[in-house]
Amino acid sequence: MTPKIIFFDIDDTLYRKYTDTLRPSVLQAMNELKAKGILTAIATGRTPAAFPEKIKQLIRQCGMDMLISINGQYIEYQGKMLQSYPMDEADIHAVIAVLQRKNIPYAFVGTQHIAVSERNSLTENTLASILTVCPEDPHYYQKHEVYQMLAFYPPQQDGEISPDIEALGLKTVRWHENAVDILRSGGSKAVGIAHAVAKLGIAMQDVMAFGDGMNDIEMLQTVGFGVAMGNGEPQAKAAARHVCPSVDEDGVYRGLQELGIID
């Protein structure tokens with residue numbers, strides 16, 4: 001296919017999180033896509049407040065067209081807000097009640113901050129890899145729009161907590177061994193992409209996406225052509241139509257070459 005727009009996950013797709021590495025081939029790939037008239041976009045679970053500095057530089061350098069952030073809950077096109085889906089305050093209250101009953105710390109995700117209900121070793125160690133400064137503010141949601149929440153607990157507690165969250169019409173998506181995202185049950189990168197490209201008049205069959213994680217599976221299945229990273233989760237690879245080399249092996253650049261998108 002010759003896509004009209006390509007979405008890229010950040011962590012372990014464009015950027016290796018734990019080594020703070022963005023390979024030079026990524027900028028080269030974005031510039032070559034631009035030269036061919038193909039729109040470039042981010043699709044990430046991160047809030048813009050937690051974009052790594054090297055990703056911010058990439059966005060500026062290549063003039064990336066679209067940012068789908070917070071798992072599709074906040075979308076920008078050419079630097080302006082295109083679509084947003086903040087949580088209802090009633091839902092936030094209900095989630096807090098569930099988590100407090102179980103003594104689970106939590107956080108609120110806005111576009112400018114991630115605010116934690118309490119600062120402790122669990123919340124600080126979990127968030128350290130994505131954002132170094134997180135205010136402690138259990139009432140953050142009363143002053144700012146919140147697009148999703150985080151809850152800090154290990155996978156062993158999924159069966160205990162997820163059903164209570166789902167009963168509220170929300171869902172959990174695990175992104176860390178000690179943390180999950182909590183967002184609208186109908187929210188995802190895939191839904192955000194579908195709404196955004198429809199506004200641009202682009203059909204989903206003309207959309208390509210690269211990803212590696214559990215929160216990329218629906219995206220890879222929904223777009224016209226999904227590409228999984230060689231370092232990706234087995235479920236992400238199974239959902240994709242093509243598996244490219246790993247992020248450490250210039251996977252995005254080489255994958256685009258393998259598919260004939262760039263030379």
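Both backbone and side-chain heavy atoms feed into the values below; hydrogens, waters and symmetry mates do not. For reference, positions follow the sequence shown, starting with 1. These numbers come from a predicted model, not from an experiment.
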ask   = Quick one: which of Leu183, Ile92, Asp164, Val95 gives a side-chain contact (heavy atoms from CB on, under 4.5 Å) with Leu170?
value = Val95
task = Determine yes or no for a side-chain-to-main-chain donor-acceptor pair under 3.5 angstrom, with Asp216 supplying the side chain and Gly213 the backbone.
result = yes
query = Does Arg16 pair with Asp20 as a salt bridge, N-O distance under 4.0 Å?
reply = no
ask   = Do Glu160 and Lys102 sit within salt-bridge range, that is, some charged N less than 4.0 Å from a carboxylate O?
value = yes
query = Any idea which heavy atoms bring Gly226 and Ala240 closest together, and the distance?
reply = O-CB, 3.4 Å
ask   = Which atoms form the tightest heavy-atom contact between Ala239 and Gln221, and what is the distance?
value = CB-CG, 3.6 Å
query = Thinking salt bridges, do Arg46 and Asp11 make one under a 4.0 Å N-O criterion?
reply = yes
request  = Return the orientation label for the His144 and Tyr140 ring planes: parallel under 30°, perpendicular over 60°, tilted otherwise.
outcome  = parallel
inquiry  = As an exercise, state the distance from CG of Asp12 to CG of Asp248, rounded to the nearest 0.5 Å.
reply    = 8.0 Å
key: Validation row, ring centre His93 to ring centre Tyr141 under 6.0 Å   = yes
query = How many angstroms lie between atom CD of Gln73 and atom CD1 of Ile75, to the nearest 0.5 angstrom?
reply = 8.0 Å
query = Does some side-chain heavy atom of Phe210 sit less than 4.5 Å from a side-chain heavy atom of Ile6?
reply = yes
message = What I want to find out is whether Lys171 reaches Asp181 closely enough, with some N-O distance under 4.0 Å, to be called a salt bridge.
response = no
inquiry  = Parallel, tilted or perpendicular, judged at 30° and 60°: which one describes the rings of Tyr74 and Tyr147?
reply    = perpendicular
request  = Work out which heavy atom in Cys244 is nearest to a heavy atom in Gly251; give both atom names and the distance.
outcome  = SG-O, 3.4 Å
query = Val252 versus Ser25: any side-chain heavy-atom pair under 4.5 Å?
reply = no
inquiry  = Rounded to the nearest 0.5 Å, what separates atom OG1 in Thr2 from atom CD1 in Ile38?
reply    = 7.0 Å
query = Which heavy atom of Ile165 sits nearest a heavy atom of Ile182, and at what distance?
reply = CG2-CG2, 3.8 Å
key: Minimum side-chain heavy-atom gap Val116-Phe108 below 4.5 Å   = no
query = Backbone N or O of Leu127 within a donor-acceptor pair of the Ser129 side chain at under 3.5 Å?
reply = no
query = Going only through I, L, V, M, F, W and Y residues with side-chain contacts under 4.5 Å, is there a path from Leu39 to Tyr253?
reply = no
note = Scanning both residues in full, the closest heavy-atom pair of Thr222 with Ala190 reads OG1-CB, 3.7 Å
key: Stepwise salt bridge (charged side-chain N to carboxylate O under 4.0 Å, His left out) test for Asp9 and Lys189   = CA-CA 10 Å; Asp9 174 50; Lys189 292 183 186 183; 3.0 Å; yes
inquiry  = Between Lys34 and Asp65 (salt bridge meaning N to carboxylate O under 4.0 Å), is one present in this structure?
reply    = yes
key: Cluster check Ile68, Met87: I/L/V/M/F/W/Y, side chain < 4.5 angstrom   = no
message = With a 3.5 Å distance limit and no angle check, can you tell me whether Arg254 reaches the backbone of Glu249 through a side-chain donor-acceptor pair?
response = yes
Worked check of side chain to side chain contact (heavy atoms under 4.5 Å, CB included) between Arg184 and Asp88 = CA-CA 10 Å; Arg184 299 175 307 115; Asp88 291 334; over 6 Å; no
ask   = After noting the C-alpha distance and the side-chain angles of Gln148 and Asn71, does the key distance pass the side chain to side chain contact (heavy atoms under 4.5 Å, CB included) rule?
value = CA-CA 9 Å; Gln148 72 176 25; Asn71 288 312; 3.2 Å; yes
message = Taking side chain to side chain donor-acceptor pair (under 3.5 Å) as the definition, give me every residue that meets it alongside Tyr85, ordered by chain and number, with sequence neighbours left out.
response = Gln83, His195
query = In terms of hydrophobic clusters joined by side-chain contacts under 4.5 Å, are Ile10 and Phe7 together?
reply = no
key: Main-chain N/O of Ile202 paired to Asp206 side chain as donor or acceptor, under 3.5 Å   = no
Side-chain heavy atoms of Asn178 within contact of Pro154, under 4.5 Å = yes
Interatomic distance, Met30 atom CE to Gln61 atom CD [nearest 0.5 angstrom] = 12.0 Å
key: Val180 vs Leu150 side-chain heavy atoms within contact, under 4.5 Å   = no
side-chain hydrogen bond (donor to acceptor under 3.5 Å, both in side chains) evaluation trace for Tyr106 with Glu118 = CA-CA 8 Å; Tyr106 51 90; Glu118 60 185 272; over 6 Å; no
message = Determine whether Met204 and Ile193 satisfy the following criterion, side chain to side chain contact (heavy atoms under 4.5 Å, CB included), listing intermediate values before the conclusion.
response = CA-CA 9 Å; Met204 284 296 279; Ile193 288 172; 4.1 Å; yes
remark   = Rounding to 0.5 Å, atoms CD1 (Ile42) and OG (Ser69) come to a distance of 10.0 Å
inquiry  = Quick check: closest heavy atoms across Lys143 and Asp137, and the distance to 0.1 Å?
reply    = NZ-OD2, 3.1 Å
inquiry  = Test of understanding: clusters of I, L, V, M, F, W, Y form through side-chain heavy atoms closer than 4.5 Å, transitively. Do Val223 and Val227 belong to the same one?
reply    = no
query = Do the numbers put Arg174 on top of the ring of Tyr153, so that NZ or CZ is under 6.0 Å from the six-membered ring centre and no more than 45° off the axis?
reply = yes
message = A side-chain contact here means heavy atoms from C-beta on lying under 4.5 Å apart; do Met66 and Leu82 qualify?
response = yes
inquiry  = When you compare the side chain of Lys4 with that of Val197, does any pair of heavy atoms fall below 4.5 Å?
reply    = no
ask   = According to a 4.5 Å side-chain heavy-atom criterion applied to Ile, Leu, Val, Met, Phe, Trp and Tyr, with indirect links allowed, do Phe8 and Met229 form part of one hydrophobic cluster?
value = yes
ask   = Run the side chain to side chain contact (heavy atoms under 4.5 Å, CB included) check on Val247 and Thr13 step by step: do they pass?
value = CA-CA 6 Å; Val247 62; Thr13 296; 5.9 Å; no
key: Minimum side-chain heavy-atom gap Trp175-Thr126 below 4.5 Å   = yes
task = Could you check Ser246 against Asn231 for side-chain hydrogen bond (donor to acceptor under 3.5 Å, both in side chains), going step by step and ending with a plain yes or no?
result = CA-CA 5 Å; Ser246 78; Asn231 53 278; 4.5 Å; no
message = With rounding to the nearest 0.5 angstrom, report the CD1 to OH distance, Ile55 to Tyr15.
response = 7.5 Å
Under 3.5 Å: donor-acceptor pair, side chain of Ser188, backbone of Val191 = yes
